[in-house]
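Structure record follows, encoded as structure tokens.
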Number of protein chains: 2
Amino acid sequence: MKQRETTIYDIAERLGLAASTISRGLKGHHTVSQQTQRRIIATAEAMGYRSNSIAASLRTNSTQTIGVIVPRLDSYLMSQIIAGMEKVTSEAGYNLLISQSREMAANEARSVQSMLNSRVDALLVSLAEHTDDLAHFEACRAKGVPLVFFDRVPADMDQLCITINNEMAGYQATRHLLDQGARQIMFISGSLRRNVYEQRLAGYKRALTSAKIKFNPEHIIINDLTEEAGIRAARAVVSQHADGVVVTNDICAAACMNEVQRLGRRVPQQVKFTGFNNDIISRQVTPALTTINYPGIEMGEVAARHVLAHLKGNVDISQLENIVIKSSLIIRESSL
Amino acid sequence: MKQRETTIYDIAERLGLAASTISRGLKGHHTVSQQTQRRIIATAEAMGYRSNSIAASLRTNSTQTIGVIVPRLDSYLMSQIIAGMEKVTSEAGYNLLISQSREMAANEARSVQSMLNSRVDALLVSLAEHTDDLAHFEACRAKGVPLVFFDRVPADMDQLCITINNEMAGYQATRHLLDQGARQIMFISGSLRRNVYEQRLAGYKRALTSAKIKFNPEHIIINDLTEEAGIRAARAVVSQHADGVVVTNDICAAACMNEVQRLGRRVPQQVKFTGFNNDIISRQVTPALTTINYPGIEMGEVAARHVLAHLKGNVDISQLENIVIKSSLIIRESSL
DNA sequence: TAAAAAATAACAATCGATTGTTTTTATTTT
DNA sequence: AAAATAAAAACAATCGATTGTTATTTTTTA
């Protein structure tokens with residue numbers, strides 16, 4: 001039972017003015033006298049008037065809304081990124097329309113469509129694991145809707161991408177374990193279809209090469225980086241006699257490390273671990289987990305700020321290719 | 001540089017039909033012949049037509065959008081709840097407009113206004129810590145916008161609320177520690193202005209009473225439940241010679257428990273801990289943390305399903321007062 | 001004081017889809 | 001074949017705010 005809402009026409013009628021005058025009066029346009037403005041605002045207030053953004057959007061062709069599509073919402077990193085975006089956009093008067101692909105390309109495509117139908121002013125996207133065809137983003141270009149990728153970005157698309165230096169982070173984590181004396185270093189990662197994992201692997205390989213250690217494909221485990229996956233991976237860590245493990249996610253790393261200890265290996269003495277993201281869990285697990293600081297909130301803020309600047313016309317994101325947020329290795333007991 | 005979009009008028013012109021026929025044809029209305037429908041759909045496809053939801057919303061007075069306001073987005077529990085909501089609503093063709101109050105009543109009020117301006121079909125809210133005046137929700141009632149609270153709900157508002165049984169959970173956690181022999185049990189909690197904490201405290205007190213233990217106000221610590229707060233609280237736990245600690249959040253509990261161990265107390269032998277939420281961290285910390293399973297995803301799903309059912313007219317939420325999601329104590333090593 | 005200039009406010013089209021009503025066309029029935 | 005009915009499509013108003021243009025006051029200037 002939606003009530004009929006008060007409109008500018010109602011106010012106009014009450015005051016014996018034209019609707020256009022109400023519209024201008026409400027936003028302090030100089031062609032409406034101060035006195036009339038005060039009357040309009042007072043009456044609007046009294047009548048419980050609330051501007052209908054839908055009508056305004058239709059007319060102005062701008063919704064003050066930004067669409068966000070992430071692989072999954074129930075992840076600490078993603079929630080940090082979104083929190084950063086929300087802070088920046090809400091301060092600028094923009095709303096956030098959010099959806100999750102749940103790692104499926106079909107859902108992602110549906111979301112893009114739906115958001116374009118909702119006429120979002122811009123789109124911020126982190127790719128689903130199973131997205132390989134990027135055709136569903138073509139519509140953004142066609143409609144002129146700014147598109148920015150973050151974290152999980154496409155390999156070859158002429159579009160602004162916000163990432164950390166994943167290759168470097170993978171290198172640093174691996175290099176650190178090598179420096180600590182590890183020689184049989186395993187690498188546990190999410191699907192290599194996604195840049196974040198593929199590049200971390202590249203960094204891992206580079207570190208091995210730099211230490212003149214031959215890459216062993218058996219040392220690579222690809223899974224979904226959940227707790228359960230970490231526990232499963234622990235058996236391989238033990239059976240492969242690994243003395244170091246680079247995991248591309250703290251949750252999986254923590255679970256794996258705990259299970260490895262349960263299986264009788266001592267961490268860090270026998271097996272050293274590094275994780276990824278600097279999740280809270282990395283600080284509270286025993287031993288504390290060496291990890292890569294991933295500034296999620298900042299990534300969200302940067303992505304949002306660039307999109308807003310582009311919408312204001314201050315920046316042209318089509319002139320930008322890549323923005324790299326600074327990450328860093330945080331060394332804790334799990335690798336010493 | 002937004003392109004001009006294809007409209008039903010463009011399609012109408014191309015086919016020599018009326019716009020109304022295009023509109024009906026696109027949604028398979030029976031007054032448009034099968035053959036014409038096929039022609040319309042094919043042409044729409046060819047012209048890259050995308051329905052403008054804004055225009056439709058204006059006309060139909062329904063946006064297929066649900067607003068969500070949470071105290072903060074970067075919390076694992078909240079992200080689980082939102083994930084549950086997103087799953088249910090997206091399957092029903094609804095979008096989610098999300099904002100965070102960052103625990104401030106003013107932001108919350110602003111979000112309500114903004115969402116009403118955006119004409120959301122319904123509103124799902126979890127209260128900010130500092131909200132005591134609920135006047136900003138009055139507008140929802142006035143406009144007839146369905147309003148459902150979850151997790152952090154108002155004490156006295158005639159509105160549907162989705163919660164767990166916080167009193168019972170607080171009782172169970174405390175009772176369990178008592179059963180394990182603890183007698184000096186501290187209670188670490190967020191602001192008692194919010195039902196979730198106030199009721200857990202009530203459960204704590206009831207458990208003490210049931211064991212004929214006098215309530216000691218010095219055993220209550222109120223903080224913001226962060227890691228840092230947990231670490232700070234650890235000193236009090238030690239100095240008060242507590243042998244049991246009920247913490248209303250796993251992150252704070254894990255941090256506190258770790259710090260208490262660092263300070264030389266043995267857990268669970270000397271001090272037993274229980275947390276809240278069944279966060280991943282509760283499983284990975286050492287010793288594993290006894291906690292209350294808080295089904296966040298399910299809470300989000302239930303909230304969303306009820307709102308959708310109400311919008312469809314299948315349920316009248318104004319006839320419902322409270323829906324309690326089942327929670328349960330999960331016993332792990334930290335309390336044995 | 002009349003004309004020019006400036007300040008206010010009204011007029012009217014527009015954004016794009018929806019939907020009740022009417023008209024036209026096609027199909028049945030007698 | 002004419003009348004009655006059904007099917008298909010057109011017409012036109014509507015949702016509520018915005019904005020370019022025009023009209024009316026008011027103020028200033030000559």
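The figures here come from the full heavy-atom set of this structure, side chains too, leaving out hydrogens, waters and symmetry mates. In what follows, chains are A, B, ... by sequence order, proteins preceding strands, each numbered from 1.
- Contacts between residues 9-22 of chain B and DNA chain D, defined by a heavy-atom separation under 4.0 Å, are made by B:Gly16, B:Leu17, B:Ala18, B:Ser20, B:Thr21.
- When side chains are defined from C-beta on, A:Asp151 counts as touching A:Met78, because their heavy atoms get closer than 4.5 Å.
- Remark: the B:Arg59 side chain and the C:dG20 base include no donor-acceptor N/O pair separated by less than 3.5 Å.
- Among the atoms of the strands shown, only primed sugar atoms or phosphate atoms (P, OP1, OP2) are found under 4.0 Å from some heavy atom of A:Thr60.
- Here the options are B:Ile66, B:Val68, B:Val112, the test is side chain to side chain contact (heavy atoms under 4.5 Å, CB included), and the partner is B:Leu123; only B:Val112 passes.
- Atom CG of A:Leu58 and atom P of D:dT14 are 17 Å apart (whole Å).
- OP1 or OP2 of D:dT18 lies within a sub-4.0 Å distance of a side-chain N or O belonging to A:Ser23.
- Within 4.0 Å of A:Thr36, counting heavy atoms only, lie sugar-phosphate atoms of the nucleic acid but no base atom.
- When Watson-Crick and G-U wobble pairs are counted only if both distances are under 3.5 Å, C:dT25 pairs with D:dA6.
- Every residue meeting the ring-ring contact (aromatic ring centres under 6.0 Å, His included) condition with A:Phe137, not counting sequence neighbours, appears here in chain and number order: A:Phe149.
- At whole-Å resolution of the value, NE2 in A:His30 and C1' in D:dG20 are 13 Å apart.
- One can place CD of A:Gln34 at 13 Å from C1' of C:dA7, the figure rounded to the nearest angstrom.
- Across all their heavy atoms, B:Met299 and B:Ile81 have their closest contact at SD-CD1, 3.9 Å.
- A:Arg141 is not listed as a side-chain neighbour of A:Leu147, based on a closest heavy-atom distance of 4.5 Å or more.
- Within 6.0 Å of the CD atom in B:Glu91, the count of heavy atoms belonging to other residues, nucleotides or ligands exceeds 12.
- Between the B:Thr6 side chain and the B:Met47 main chain, a donor and an acceptor come within less than 3.5 Å of each other.
- Remark: nothing in residues 39-55 of chain B comes within less than 4.0 Å of DNA chain D through any heavy atom.
- In this structure, NE2 of B:His29 is placed 13 Å from P of C:dT21, rounded to the nearest angstrom.
- For A:Lys27 and D:dT18, the shortest distance from a side-chain N or O to OP1 or OP2 is below 4.0 Å.
- Distance CZ (B:Arg4) to P (C:dC15): 7 Å, rounded to an integer number of Å.
- The nearest heavy atom of DNA chain D to A:Thr6 and to A:Arg24 marks one nucleotide each, and the one closer to the 5' end goes with A:Thr6.
- Contact record, B:Ile8 with B:Ala19: CD1-O, 3.8 Å, taken as the closest heavy-atom pair.
- In summary, B:Arg194 and B:Glu129 do not engage in a salt bridge, as defined by a charged side-chain N under 4.0 Å from a carboxylate O.
- B:Gln64 has its CD atom 16 Å from the P atom of C:dA17, to the nearest Å.
- Atom-to-atom, CG of B:Asn61 to P of C:dA17 comes out at 18 Å; the value is rounded to the nearest Å.
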